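Beneath this line is the structure, given in structure tokens, with notes to follow.
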Amino acid sequence: MPETRRGAYTAAIEEALALALPAPKEGGPAALVAEAMRYSLLCGGKRVRPMLALAFCELCGGDWRRALPFGCAVEMVHTYSLIHDDLPCMDDDDMRRGRPACHKAYGEAMALLAGDGLLTKAFECALTFPEPGPAAKGALELARLAGHTGMVGGQCIDLCADGKDVDMELLKAMDQGKTVALIAAACKLGCIAAGASEGLLEAAGKYAQGVGMAFQIRDDILDVLGDAGKLGKNTGMDSAREKRNYVSLLGVKRAQELVDGYTGEALLALKDFPGDSSFLREFALELAGRES
Ligand code: GRG
């Protein structure tokens, strides 16, 4: 992975996120919710999704900085989903990104509002894209992939499956929603920022399908084998809750084989792009063996 390019992406993403959500005036009327939003957003996630948006924009021949409003928007939706997912009425987790979950720091009601605020802010951010056509197209794609036909739908499948027998088909449908949908949003919005053709958007969707599934299955493996310190969240949560996932259904070895298979599919999708796709190739391979 060329570190200089990655470093440039990361620095720009962090700067753009902080600029999009400035510190509230002390004692201002809604300062507390802004503070809770910043607490969760600006505290060192891996920034996988905005990185994908920037890299796809560059691969499609655009200046990657153009994709920053879209990358930030996807990261805001992702952060809202983590805040809500950690609430006691959902997955009930108390650690996230290496610190107490939002509701542990600010209380449940404020965490709910912080999630709502980030979801709304995401669309404000996407719609700051300088040209109205791509701005609307990006926001529409994000809405479809984040809502009940995408990420929210995946979370619904997860909640409804609680305590029931889950087979591979249902598990896949759940992970397509919970994980693949937002990764697809990131890749596609990057292409939209560069004004890419529908054909390239479709290829970006195939890459996202491979990387997204691999990302989720690796997440299931890390829940068993990972180091909570490196991950910044508790491990062993799925087995403690007797939740079905790829590791409980297939075992670690077979699950990692699936990660590698899906990663191979993602790499194949890159062949449709005329530009230099080495960054996205290395990124997919790195995610397949990630430890955090
Ligand atoms: C509450 C609507 C709603 C949806 C929740 C995101 C989610 C759906 C649940 C969180 C748990 C989970 C297993 C999600 C799958 C996606 C995933 C692996 C998220 C973690 O993403 P990372 O590792 O996190 O990129 P960081 O903190 O690095 O950004």
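Start at 1 and go down the list; that is how both ligands and their atoms are numbered. All of these numbers come straight from a predicted model, not from anything done at the bench.
The cationic atom of Arg218 (NZ for Lys, CZ for Arg) does not lie both less than 6.0 Å from the six-membered ring centre of Tyr246 and within 45° of the ring axis.
Salt-bridge check for Lys178 with Asp158: passed, with a basic side-chain N closer than 4.0 Å to an acidic carboxylate O.
Across the listed options Asp86, Thr179, Asp175, Val152, Thr179 owns the non-hydrogen atom lying nearest to atom 15 (C) of ligand 1. Evaluated by nearest non-hydrogen atom to atom 17 (C) of ligand 1, the leading choice among Met151, Arg47, Arg49 is Arg49.
Numbered from 1 in the order shown, with element, the atoms of ligand 1 that lie under 4.0 Å from a heavy atom of Arg97 read 26 (P), 27 (O), 29 (O). Those atoms of ligand 1 with a heavy atom of Gln216 less than 4.0 angstrom away are 13 (C), 15 (C), 16 (C), 18 (C). Close contacts of ligand 1 with Tyr80, meaning ligand atoms under 4.0 Å from a residue heavy atom, involve 2 (C). Every atom of ligand 1 with a heavy atom of His84 under 4.0 Å away is listed here by number and element: 1 (C). Close approach of ligand 1 to Asp219 (heavy-atom distance below 4.0 Å) involves ligand atoms 13 (C), 18 (C).
With no hydrogens or angles considered, no side-chain donor-acceptor pair links Tyr262 and Glu257 at under 3.5 Å. Side-chain contact, Asp223 with Asn245: no donor N or O sits under 3.5 Å from an acceptor N or O.
Counting protein heavy atoms only, atom 23 (O) of ligand 1 is closest to Lys46 NZ, 2.5 Å. Looking from atom 12 (C) of ligand 1 to the surrounding protein, the closest heavy atom is Lys178 CE, 4.0 Å. At the top of the distance list for atom 3 (C) of ligand 1, counting protein heavy atoms only, stands Gln155 CG, 3.8 Å. In terms of protein heavy-atom proximity, atom 20 (C) of ligand 1 is closest to His78 CE1, 3.9 Å. Looking from atom 10 (C) of ligand 1 to the surrounding protein, the closest heavy atom is Asp85 OD2, 3.1 Å. Distance from atom 6 (C) of ligand 1 to its nearest protein heavy atom, with residue and atom name: Ser81 OG, 3.0 Å.
Ring planes of Phe283 and Phe279: parallel class, angle under 30° (limits at 30 and 60°).
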Compile the donor-acceptor pairs under 3.5 Å between side chains in residues 128-141 and protein atoms, sequence neighbours left out, one pair per line.
unit_1	atom_1	unit_2	atom_2	d
Thr128	OG1	Cys125	O	2.6
Glu131	OE1	Arg66	NH2	2.8
Glu131	OE2	Arg66	NH1	3.4
Lys137	NZ	Glu198	OE2	2.6

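Outside the 6.0 Å centre-distance limit, the rings of Tyr207 and Phe273 are not counted as a close aromatic pair.
The list of side-chain hydrogen bond (donor to acceptor under 3.5 Å, both in side chains) pairs with a residue in residues 30-39, not counting sequence neighbours, reads Glu35-Tyr106.
Neither Leu82 nor Phe123 shares a network with the other; the hydrophobic side chains, linked directly or stepwise wherever heavy atoms of I, L, V, M, F, W or Y lie under 4.5 Å apart, form separate groups for each.
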